[in-house]
Amino acid sequence: FGNPAPAQPRFYVTLSIYLWSYAVVAFIVGYLELERNIAQGLQDVFWGLPCVLLLAAMSFLPDGLSANKKTNRGSNRSIALLLDNLSPVLFTLVIVIMGARIAPVYPWIGFASITIAVALYGLRAALLQSKYLRSQHDLAKSGLALVDAIDRLRDISIRDGLTGIYNRRHFDEVLLAEWKRSIRTEKPLSLLLIDVDRFKKLNDRYGHPEGDECLKKIAEQLSKILRRSSDTLARYGGEEFAAILPETNKESAQLIADAMRMSVEDLKIANEGSKATRVVTVSIGVCSENAMLSRPAEELLNAADAALYRAKKQERNRVQF
């Protein structure tokens, strides 16, 4: 009855009714036997009453008496909890009372009964306390593991699978957040769009594995230039990268963009398709603005994209505002 499985509530309810009725009848019959003389036949009838009640309960009790009633689930749990907690107390109390009653006649038996009852109850309490502390420790450990798993899952969801830097989804979220922050602080926000020059020719000549390795090296190199934790580098798509620089004016953005362009060229990744340098280079479009409430963040992105388009038109490997 304390915690029945969904398919067994009828059994536990029936068993509880039987035990309680048996206890009541046993108390009454025991009292009558001690205090009064009653006929043997009538005594047998009394002892048979719990069996009759048991048969009646098995025959007429509906299936799922309490488990299928959603409105009673809360009260059933409360009753089950009460029984689980009171049963050991009542059992120990009964043994103590019995020991106290027989102590005047049999002192050692009474003392032993009381001592054993209290010791067993204390042992049970200690075991329950130990179990409770262990369960709390396991629960806290599971909670920390869950938080760690959620953090890892979130980190995976915002990272690019190839380069390990942030992906386009996270870039869009950060751009909107930084645009709103720029409105509040009235400080400039800079955006860099970085495109690998003649990347299709590199893929065609050396193969996609070499192209993937090239993107990894470029992402690592660009990450080294951005040293502030507030800066965000993301893979914008294909061979394009994007960098969000909060509280960065045009002059500072110019320095960072030039450093990025030169650092990629210094990698000296071979690309015979690049006629001028024969190595992999990047073109960068930059826009620095003070955000305004009346303008969307897409304007900053469109302006940087237009600057990148001009840089690609002007023989590449350059920075354009």
Side-chain angles (χ1 to χ4, degrees), residues 158 160 163-168 170-199 214-269 274 276-277 279-321:
I158 62 177
D160 176 60
T163 62
I165 62 176
Y166 292 117
N167 56 22
R168 173 67 180 274
H170 186 67
F171 167 82
D172 292 337
E173 293 175 353
V174 173
L175 178 61
L176 181 59
E178 291 297 341
W179 182 263
K180 293 179 179 178
R181 190 158 76 95
S182 178
I183 294 174
R184 294 195 306 269
T185 60
E186 298 182 353
K187 293 183 178 180
L189 174 65
S190 294
L191 175 63
L192 282 62
L193 285 183
I194 307 144
D195 186 79
V196 181
D197 296 328
R198 305 188 188 279
F199 185 73
C214 171
L215 293 176
K216 291 179 184 178
K217 291 179 180 179
I218 291 175
E220 183 180 359
Q221 195 69 12
L222 296 179
S223 299
K224 294 177 181 178
I225 305 299
L226 301 179
R227 299 179 180 178
R228 298 187 307 176
S229 60
S230 58
D231 296 337
T232 301
L233 177 67
R235 187 180 178 190
Y236 191 68
E239 68 274 18
E240 281 191 319
F241 300 89
I244 302 173
L245 312 177
E247 300 184 11
T248 303
N249 57 27
K250 180 178 178 179
E251 290 74 18
S252 297
Q254 173 79 53
L255 293 174
I256 293 173
D258 286 336
M260 285 182 169
R261 184 191 63 78
M262 289 185 291
S263 68
V264 172
E265 188 174 2
D266 289 342
L267 288 174
K268 299 189 183 303
I269 302 172
S274 180
T277 59
V279 296
V280 172
T281 59
V282 294
S283 298
I284 304 177
V286 186
C287 183
S288 297
E289 290 188 14
N290 287 81
M292 299 176 61
L293 189 61
S294 59
R295 298 168 60 192
E298 286 74 12
E299 286 195 10
L300 183 68
L301 185 61
N302 293 336
D305 188 58
L308 175 62
Y309 179 78
R310 292 197 301 273
K312 301 289 282 187
K313 283 292 184 181
Q314 297 175 13
E315 298 182 0
R316 300 176 173 82
N317 192 21
R318 63 182 61 245
V319 176
Q320 183 70 43
F321 272 84

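It should be emphasised that the depicted structure is a prediction, and the values quoted were computed from it without experimental measurement.
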Residue pair S283 / D197, side-chain donor-acceptor N/O under 3.5 Å: yes
Contact check, side chains of F171 and R168, non-hydrogen atoms, under 4.5 Å: yes
Does the side chain of R181 come within less than 4.5 Å of E178's, by heavy atoms? yes
Can you name the nearest heavy-atom pair linking V196 to V280, along with the distance? CG1-CG1, 3.7 Å
Does E315 have more than 12 heavy atoms from other residues, nucleotides or ligands lying within 6.0 Å of its CD? no
Would L301 and Y236 satisfy side-chain contact (heavy atoms from CB on, under 4.5 Å), going step by step from the backbone distance to the final call? CA-CA 11 Å; L301 185 61; Y236 191 68; 3.4 Å; yes
Indicate the atoms forming the closest heavy-atom contact of K268 with V279, along with that distance. CA-CG1, 3.9 Å
Cut-off 3.5 Å, side chains only: do N249 and S252 have a donor facing an acceptor? yes
Taking all atoms of both residues into account, what is the closest heavy-atom pair of R228 and E247, and its distance? NH1-O, 4.0 Å
Distance-minimising heavy-atom pair for L193 and A242: CD2-CB, 3.7 Å
Distance-only polar pair, side chains of R235 and N167, donor-acceptor under 3.5 Å: no
Would D160 and F241 satisfy side-chain contact (heavy atoms from CB on, under 4.5 Å), going step by step from the backbone distance to the final call? CA-CA 11 Å; D160 176 60; F241 300 89; over 6 Å; no
CG of L233 to CD1 of I194, rounded to nearest 0.5 Å, is 6.0 Å
Heavy atoms of L192 and M260 approach each other most closely as CD2-SD, 3.8 Å
Of all heavy-atom pairs between Q221 and V264, which one has the smallest distance, and what is that distance? CG-N, 4.4 Å
Between T248 (side chain) and P246 (backbone), is there a donor-acceptor pair under 3.5 Å? yes
With L300 as reference, evaluate S190, S182, C287, S288 under the side chain to side chain contact (heavy atoms under 4.5 Å, CB included) test and give the passing residue. C287
Interatomic distance, CG@N317 vs CD1@I284, rounded to 0.5 Å, equals 9.0 Å
Check the pair W179 / E289 against side-chain contact (heavy atoms from CB on, under 4.5 Å), numbers first and verdict last. CA-CA 10 Å; W179 182 263; E289 290 188 14; 4.1 Å; yes
Minimum side-chain heavy-atom gap T281-R261 below 4.5 Å: no
Check the pair K224, E220 against side-chain contact (heavy atoms from CB on, under 4.5 Å), reporting the backbone distance first and the verdict last. CA-CA 7 Å; K224 294 177 181 178; E220 183 180 359; 4.1 Å; yes
To the nearest 0.5 Å, how far apart are CG in L175 and CG in L189? 7.0 Å
Quick check: are there more than 12 heavy atoms from other residues, nucleotides or ligands sitting under 6.0 Å from CZ of F321? yes
